[in-house]
Protein chains: 2
Amino acid sequence: MTARTPDSARDIPEATVARLPVYLRALISLAEEGITTCSSEELAAFAGVNSAKLRKDLSYLGSYGTRGVGYDVEYLRYQIAREIGVTQDWPVVIVGIGNLGHALANYSGFRSRGFRVVALLDADPDRHEEVVAGLEVRSFEDLESIVAEHDVSIGVIATPAVAAQSVADRMVATGITSILNFAPTVLSVPDGVGVRKVDLSIELQILAYHEQRKSVAPGAGAVS
Amino acid sequence: MTARTPDSARDIPEATVARLPVYLRALISLAEEGITTCSSEELAAFAGVNSAKLRKDLSYLGSYGTRGVGYDVEYLRYQIAREIGVTQDWPVVIVGIGNLGHALANYSGFRSRGFRVVALLDADPDRHEEVVAGLEVRSFEDLESIVAEHDVSIGVIATPAVAAQSVADRMVATGITSILNFAPTVLSVPDGVGVRKVDLSIELQILAYHEQRKSVAPGAGAVS
DNA sequence: CTCGTTTTGTTCTCCCGTTCACAAACTCCT
DNA sequence: AGGAGTTTGTGAACGGGAGAACAAAACGAG
């Protein structure tokens, strides 16, 4: 048994971090249904994971359950939100207002989960008059002043692949330290800058691989 | 040394499958630059992975390199494409033509990587006149006939969260066996149906977690 | 107060994936 | 032909995560 560190500074495994948002979403759903208490079994079913895994994940945050009873939905919800850091609001800039940028700007899930889009930037001057999701599309040149003004640390790249690396470089130069990349390119950034990528066609290709396997050898397992 | 199985029927680790599309993209880039041969070191740098990992990944497909020389770009490109299954065309239906559905329908990366969007479906009759990306938006009720006509096995869900499960159920009932889910919900599907999910706000929340950590304890590592 | 029931938190084991390190194999130069 | 230099393919060590299983803790009944 290690020393108790009730406040912070534990190291949570990356796999667990990736699941915490799922648990948070499940807890919000439960709260909306008026459920105030739930067992690890119930919550795990809601989140689509094994209950042992759920308990182990939560144990990294602390001891927030009651044995024999379960978890208080509202309390656990707050604790996870605090751990992730979405009790505060994170300002976000989106660069590249094409089809995908449009969709992201209008996506209500960002706002409702602690993220506020403060600016939409595009290199194409033809788009600069346009108003998307209540925000005027501005020049990419304004990146630095916007980041400084709103203290932005998270940037979203929704540009074509060829532009992505230079946009990332510029973002890093202005002080952004977390990047969500939708462009189908591998970004190279300095140490200390976090990058996550979402590649739409890669996901489809993974599905295609398993699909092809099914038709050849019937007996393939699950995918995810 | 195990028996050679030159044709198919090896089991490729899931982690490797997820990287094959990245290698494929890197090879296409190299081919466009006129490069005909590359070492594992070069290709790995291009794909953003360790060269040892790359070689091990490729070794699951077979021995397609030449020691002392490297890999033939065009040959390896074809082998990976064949292994994934993107030498043929996969018909795809998209359900839910909101902001995100629009963006997906217009995304050129699908077509160029072996996927062909054959239909756009939406439950809202107000959208049924609209033409998006050269396709008329049709009623969700047409799902069954479209799937049958085009022999569709891959479906994309871009609906609001509340509708996603019922859409998935209907897809499965019509014979679709692979689903790419953009709705922020856990889908439950029968065994044998593959599901992959893309959750935009979860990715941001993971970034937020690490971002928060940086400001508290300066010395956090990379993200992924 | 005591016992049985429920459910968490944690330990232990197994498996998958990553990385190192090196032998095998190929090219090129002399 | 032979040796030096490269680069692949893979065996082996290593680390992290998943799941089973159980002890510890809370609650309720009698």
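Values below: every heavy atom of this structure, side chains too, minus hydrogens, waters and symmetry copies. In what follows, chains are A, B, ... by sequence order, proteins preceding strands, each numbered from 1.
Distance Asp72(B) CG to dT7(D) P: 16 Å, rounded to the nearest Å. Here dC16(C) presents its P atom at 15 Å from CD1 of Ile12(B), a figure rounded to the nearest Å. The separation between Lys53(A) atom NZ and dG17(D) atom C1' is 8 Å, rounded to whole Å. Separating the OH atom of Tyr60(A) from the P atom of dT10(C) is a distance of 10 Å, rounded to the nearest angstrom. Atom CD in Glu41(B) sits about 8 Å away from atom P in dT8(D), given to the nearest Å. What separates OH of Tyr23(A) from C1' of dT8(C) is a distance of 15 Å, to the nearest Å. dT7(C) atom C1' lies 19 Å from atom OH of Tyr64(A), rounded to whole Å. Per the geometry, CG belonging to Asp57(B) stands 13 Å off C1' belonging to dC16(C), to the nearest Å.
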Letter per nucleotide, 5' to 3', of nucleotides 25-30 of chain C [B base touched, S only sugar-phosphate touched, - untouched; heavy atoms, 4.0 Å]: BBS---

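Under 3.5 Å, the side chains of Asp57(B) and Tyr23(B) contain a donor-acceptor pair of N or O atoms.
Taking side-chain N and O atoms only, Asn50(A) has no distance below 4.0 Å to OP1 or OP2 of dG17(D). Taking 4.0 angstrom as the limit, Arg19(A) places a side-chain polar atom (N or O) nearer than this to OP1 or OP2 of dA18(D). One finds a side-chain N or O of Tyr71(B) lying less than 4.0 angstrom from the OP1 or OP2 phosphate oxygen of dG9(D).
Nearest approach of Ala18(A) to Ile202(B), heavy atoms of both residues: O-CG2, 4.2 Å.
Side-chain atoms of Ser63(B) do not come within 3.5 Å of backbone N or O of Ser59(B) as any donor-acceptor pair. Remark: the backbone N or O of Ala31(A) is not paired with any side-chain donor or acceptor of Glu74(A) at under 3.5 angstrom. A side-chain donor-acceptor contact under 3.5 Å links Asn181(A) to the backbone of Thr185(A).
For Pro13(B), the listed nucleotide lying nearest its side chain is dG17(C); candidates were dG9(C), dT8(D), dG17(C).
Residues Val172(A) and Pro190(A) have side chains in contact (heavy-atom distance under 4.5 Å, counting atoms from C-beta outward).
Each of Ala52(A) and Ala15(A) has a nearest nucleotide on DNA chain D; the 5'-most of these lies closest to Ala15(A).
Within 3.5 Å, a donor on the side chain of Lys56(B) pairs with an acceptor on the base of dT19(C), or the reverse.
Here Thr87(A) contributes atom OG1 and Arg77(A) contributes atom CZ; the two are 11.0 Å apart, rounded to the nearest 0.5 Å.
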